[in-house]
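Scroll down for the structure; my scribbles are underneath it.
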There are 2 protein chains.
Amino acid sequence: MYSSQRLPPFAAIRVFEACARHENFTRAAEELGMTQSAVSYQIKILEKRVGSPLFLRQSRRVELTEAGRILAMPTIDAFQRLRSGFAAVDAAAQKTLSINTSPTFALNWLSPRLSNFQVAHPGLAVRVAISCDETDFGRAEVDVAIRYGYGNWPGLTAHKLMASAFTPMLSRDLLDRIGVLAQPSDILIHKIIDPGDPYWACWLEHAGVDASALSDRIGSHLGSQSNEARAALEGQGVAMLTPAFFRTELEMGRLVQPFDLVASDRQAFWLVYPQTRKNERKLMAFRKWILSEMDQSGNSKIG
Amino acid sequence: MYSSQRLPPFAAIRVFEACARHENFTRAAEELGMTQSAVSYQIKILEKRVGSPLFLRQSRRVELTEAGRILAMPTIDAFQRLRSGFAAVDAAAQKTLSINTSPTFALNWLSPRLSNFQVAHPGLAVRVAISCDETDFGRAEVDVAIRYGYGNWPGLTAHKLMASAFTPMLSRDLLDRIGVLAQPSDILIHKIIDPGDPYWACWLEHAGVDASALSDRIGSHLGSQSNEARAALEGQGVAMLTPAFFRTELEMGRLVQPFDLVASDRQAFWLVYPQTRKNERKLMAFRKWILSEMDQSGNSKIG
DNA sequence: TGGAATACATAAGCTCAGCTTGTGGCTATT
DNA sequence: AATAGCCACAAGCTGAGCTTATGTATTCCA
């Protein structure tokens, strides 16, 4: 049900709209930031296209013809709708921040701290979209993501938040039961939660312990640090965890970190977003907040 | 009360409108008669300008984002208004034909014949705007004019309708009273209506009569042939008239043309209109009608 | 009455937005 | 595997849409 006719050139329509409001080419030109000459030219184009004059050229003023009057109303109206539409989308686009991240980071780092951000930005609704694999910015309505990796995502800007950091942890109860862990190799005597986790091998190597025995072990693959941490808290064994994610548990003594040694590879958590969107207000606000939050925790210094 | 914000480039808005309707860039491109590539480019422009994505690029289709949805409604709506506005003006512009001409031509030629035209074009309302001096096409809402002159109006197309043609006429009653008019010079004996009319001098010259005496004569200047004709009909004297305008009176015998000799200068009646409007339907219709009407009367052959 | 000011029209010429062409990549379908 | 459908992107061209400069007509004012 669309009038199938092709519309005249838009530049001309825009100029007409302004002229129809002012009934004055010079004023319209000023409003549009162009010369009176250009306005005159565009109106002429439009009149040629429409097939009849739209303005009567009186001395020192122009006056809408009947055709001009017929056209003026819907045109002015249409432009008003466009303007308010773009104003609305401008406002709305900065109202919701959608953060995509992994379950682990969301649960153990972001969620506990997000209320600070929300207090600081009461006009901004935050939506945390948790996904296990990296969601594509082109395919999902995500403003920013916190991703784990090497910081090299093409087309995306990445800010390093926190280097990878792993160290064995276990519950105090379990430690009490097994007595002292004097040196790293002692850990291998005990049950290891998810021995297939490559960070076990990594940490043991850092510690100078032969890790070859690990590969044969049977253990559960729980898929996220949260799950492994729960198992560790329940005393089911020793888990390889990121200290920054379990600061509270460590401080409260519910989890114990038997060795100072923290292993790391070249990976890290990164704040990432499309390069093209770097200047959005909501994005700048979040970037500023999360970087300062990381700074305060001293996490960004690690690795 | 206008959102003062500058709208994004119109090409981009137009493309967005089509894409929002189709949720498919390729279809939109087809509708707009451009390449998919151009559509993609314009949408990217608009997204950059708006500051957030408007479409999610799914495989084999695109989908509006929330921002896109907010924008789609008012945009589609605005375009609908524009389209119907232009459709309305298209229709309206061809609905009324405004003809500007002199009182003489209007009264003595056009009015009696105009009903033929209106019967042939029932959808077209005709407005005859009578004015003594030539009205400016730029200043008045006039579609066509019938002007008397040499056919050289800059910027206007002119079709010759009828060469100037003048000959003395008088009422039958008066002729009966004065008896026979054997030769042109006999006229000078009688009362001449408006002897200042240059066509008296012109006709007498054609007739080989010395017209110098005329200049001293006192007479009324009635301003239009209609008025002079009325005076002649009332038997007040001999008037210099255009035969084509008084065909009926001649046929009915109310006016008599004593001599076959018809004088003419280089002037004529012309159908004129702005060159730029030559292809308007209503104008073409009127041009065709009036030229064929002239042809039938054989007037265009004179002079 | 004449000259200053205001407003629109027009000619000429430049510049870059907006296109096209061509290609590549991804995904669904068979 | 092969095909077809759809979008992104790079490179390069061109003319629409400007600007500048000037002309014309009217009004205003001293």
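Lettering of chains follows the sequences in order, A, B, ..., and the numbering in each one begins at 1. Bear in mind that the values here come from a model prediction, so they are computed numbers and not experimental data.
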Checklist line | Test log, rule salt bridge (Lys or Arg N to Asp or Glu O under 4.0 Å), inputs A:Glu31 and A:Arg27 | finding: CA-CA 6 Å; A:Glu31 177 186 307; A:Arg27 289 302 108 67; over 6 Å; no

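Rounded to an integer number of Å, the gap from CD of B:Glu63 to C1' of D:dC6 is 15 Å. Rounded to an integer number of Å, the gap from A:Leu7 CG to D:dA16 C1' is 17 Å. Whole-Å rounding puts the B:Phe10 CZ to D:dG17 C1' distance at 14 Å. Summarising the geometry, the separation between CD1 on B:Ile43 and P on C:dG18 is reported as 13 Å, rounded to the nearest angstrom. At whole-Å resolution of the value, CZ in A:Arg49 and C1' in D:dA16 are 15 Å apart. Across the protein-nucleic acid pair, B:Phe55 atom CZ and D:dC6 atom P stand 15 Å apart, rounded to whole Å. A:Tyr41 has its OH atom 17 Å from the C1' atom of D:dA21, to the nearest Å. If you take CG of A:Leu46 and P of D:dA16, they are 16 Å apart, rounded to a whole angstrom.
Interatomic distance, OH of A:Tyr273 versus NE2 of A:His159, reported as 2.5 Å (0.5 Å rounding).
Note on ring orientation: taking the six-membered ring where Trp is involved, the planes of B:Trp289 and B:Phe117 are tilted (angle from 30° to 60°). Classification of the B:Trp109-B:Phe105 ring pair by plane angle, with boundaries at 30° and 60°, yields parallel.
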Margin query: Within the 4.0 Å limit for protein heavy atoms, which parts of nucleotides 7-12 of chain D are touched? Write it as a string from 5' to 3', B for base, S for sugar-phosphate only, - for none.
Written below: BBBB--

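Side-chain proximity of B:Thr35 to the nucleotides C:dT21, D:dG17, C:dG18 is greatest for C:dT21.
A:Phe16 pairs by the ring pair (Phe, Tyr, Trp, His ring centres under 6.0 Å) definition with A:Phe55, not counting sequence neighbours. A search for side chain to side chain donor-acceptor pair (under 3.5 Å) contacts involving A:Tyr148 returns A:Tyr199, not counting sequence neighbours.
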